[in-house]
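One structure is given here, and the rest of the page talks about it.
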Amino acid sequence: MPDETAPSAIIPDPIQSRASSFLLGVLGCGGAAVVGVLVLVVTLAWGSWGSTDFRRVAPEEMADRALQSSRKAYEVMGFKRTIEPGVEDIGVSTENTFGSSFCYDGGLLGLEDKTVDGAYSMSHKWALDHVPASQAEPGLRRLHQFFKDNGWKVTSYDEGEHGRDWELFVRRADGDERMSFIWYPDREYFTGGASMPCAYNPEWKNGDVGPAGDDQRPPAFGPAQRD
């Protein structure tokens, strides 16, 4: 069954409450709207402050982190096959690819949408064909429990009743790393992926085009080798 999270109550800050009460007393009822606007502006500005405070990490390192996260999930699922790099037919054949995307800055009020120079986000995507229900269903249940037991937040989980697709989406509770998994029962096709938080490329220079790491190529993908 899907996970459901009850909305948490918002506890007002006592200092902010006293300040608002004081201003309302000074300005009167007619000033309530002004105070509301000021509080909204401060809240938006505070929420967007530091939104581009990314670590400086080489794309190779972030790509490897994404690969290792994918590999652990692959092992928990119980898959044994090795997937060669690349993809021949998206959504049909096996897949093992890296991807890189731009990172965006919402500005002081979170209303802008501009790319951050030198920043990028690496991801790893993999897919398997010919995955039957006897393998996918218990595997996804194990994976769901694994994330819950290891400090991840499950943002969505659907066991695909009545022939629907099975889906699992998670993210780390202390960061922006995210993972997603979908099994398509009608095609016996399984996809997984890991997306890393934004980082600055230490070697970025003015004039560079495209997000860093878009030339990365993964090795053959499968369970970790045991000594």
Side-chain angles (χ1 to χ4, degrees), residues 1-11 47 51 54 62-83 87 89-104 106 110 120-199 218 221-224:
M1 297 297 294
D3 280 358
E4 296 182 357
T5 304
S8 57
I10 300 176
I11 303 174
S51 60
F54 309 137
M62 295 301 269
D64 185 66
R65 282 178 53 185
L67 183 70
Q68 297 310 318
S69 292
S70 288
R71 178 168 286 134
K72 183 60 182 179
Y74 195 84
E75 291 178 337
V76 173
M77 283 293 303
F79 294 132
K80 304 297 183 183
R81 295 159 58 186
T82 297
I83 310 175
V87 56
D89 193 354
I90 295 177
V92 177
S93 66
T94 60
E95 180 174 359
N96 172 22
T97 57
F98 280 140
S100 180
S101 59
F102 288 107
C103 295
Y104 293 85
Y120 68 97
S121 175
M122 288 297 304
S123 61
H124 176 251
K125 185 177 180 181
W126 55 274
L128 275 177
D129 53 1
H130 307 302
V131 179
S134 59
Q135 189 174 27
E137 294 178 3
L140 272 170
R141 291 191 178 108
R142 283 196 307 273
L143 193 60
H144 175 227
Q145 191 62 47
F146 168 81
F147 285 120
K148 291 177 66 176
D149 293 342
N150 286 273
W152 289 69
K153 177 179 176 59
V154 177
T155 56
S156 178
Y157 178 56
D158 189 343
E159 291 196 349
E161 297 177 349
H162 308 298
R164 298 196 311 271
D165 301 336
W166 285 53
E167 299 180 347
L168 173 61
F169 296 86
V170 300
R171 66 175 177 84
R172 284 197 185 277
D174 59 350
D176 295 328
E177 183 177 349
R178 300 174 184 272
M179 299 188 73
S180 61
F181 309 89
I182 304 176
W183 178 59
Y184 304 89
D186 57 334
R187 296 184 282 133
E188 295 191 337
Y189 192 72
F190 192 99
T191 67
S195 176
M196 294 294 104
C198 289
F221 177 71

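In this chain, residues are counted from 1 in sequence order. This structure is a prediction, so every number in the text was calculated from the model and none was measured. Only this structure's heavy atoms are used, side chains among them; waters, hydrogens and symmetry mates stay out.
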What I'd like to find out is whether the side chain of [X] reaches to under 4.5 Å of the side chain of [Y], using heavy atoms alone.
X: T191; Y: Y184; value: yes
X: M122; Y: F98; value: yes
X: S195; Y: S121; value: yes
X: I182; Y: W166; value: no
X: V154; Y: K148; value: yes
X: Q145; Y: R141; value: no
X: P197; Y: M62; value: yes
X: F146; Y: K72; value: yes

Practice problem: Evaluate the side-chain contact (heavy atoms from CB on, under 4.5 Å) criterion for residues F181 and Y157: first the C-alpha distance (whole Å), next the side-chain angles of each, then the deciding distance (0.1 Å), finally the verdict. | Solution: CA-CA 10 Å; F181 309 89; Y157 178 56; over 6 Å; no
To the nearest 0.5 angstrom, please state how far the [atom1] atom of [X] sits from the [atom2] atom of [Y].
X: E188; Y: L128; atom1: CD; atom2: CG; answer: 12.0 Å
X: E159; Y: R164; atom1: CD; atom2: CZ; answer: 10.5 Å
X: W183; Y: M77; atom1: CH2; atom2: CE; answer: 9.5 Å
X: I83; Y: S93; atom1: CD1; atom2: OG; answer: 10.0 Å
X: H130; Y: Q135; atom1: NE2; atom2: CD; answer: 12.5 Å
X: F190; Y: D129; atom1: CZ; atom2: CG; answer: 13.0 Å

Quiz item: Going by the angle between their ring planes, with limits at 30° and 60°, are H124 and F221 parallel, tilted or perpendicular?
Solution: tilted
Exercise. Evaluate the ring planes of W126 and Y74, with Trp represented by its six-membered ring, and classify them as parallel (under 30°), tilted (30 to 60°) or perpendicular (over 60°).
Key: perpendicular
Could you tell me whether a side-chain N or O of [X] sits under 3.5 Å from a main-chain N or O of [Y], the two making a donor and an acceptor?
X: R71; Y: G222; result: yes
X: T155; Y: F169; result: yes
X: S156; Y: L168; result: no

Practice problem: Any chance you could lay out the side-chain contact (heavy atoms from CB on, under 4.5 Å) test for F54 and C103, step after step, and finish with the verdict? | Solution: CA-CA 10 Å; F54 309 137; C103 295; 4.1 Å; yes
Practice problem: Would you tell me whether E177 and S69 have side-chain atoms, one donor and one acceptor, within less than 3.5 Å of each other? | Solution: yes
Practice problem: Provide the closest heavy-atom pair for P218 versus T97 in the form atom of the first, atom of the second, distance. | Solution: CG-CA, 3.9 Å
Quiz item: Taking the six-membered ring of F79, is the NZ or CZ of R81 close enough (under 6.0 Å from the centre) and on axis enough (within 45°)?
Solution: no
Quiz item: Got a salt bridge between D176 and R171, using NZ or NE/NH1/NH2 to carboxylate O under 4.0 Å?
Solution: no
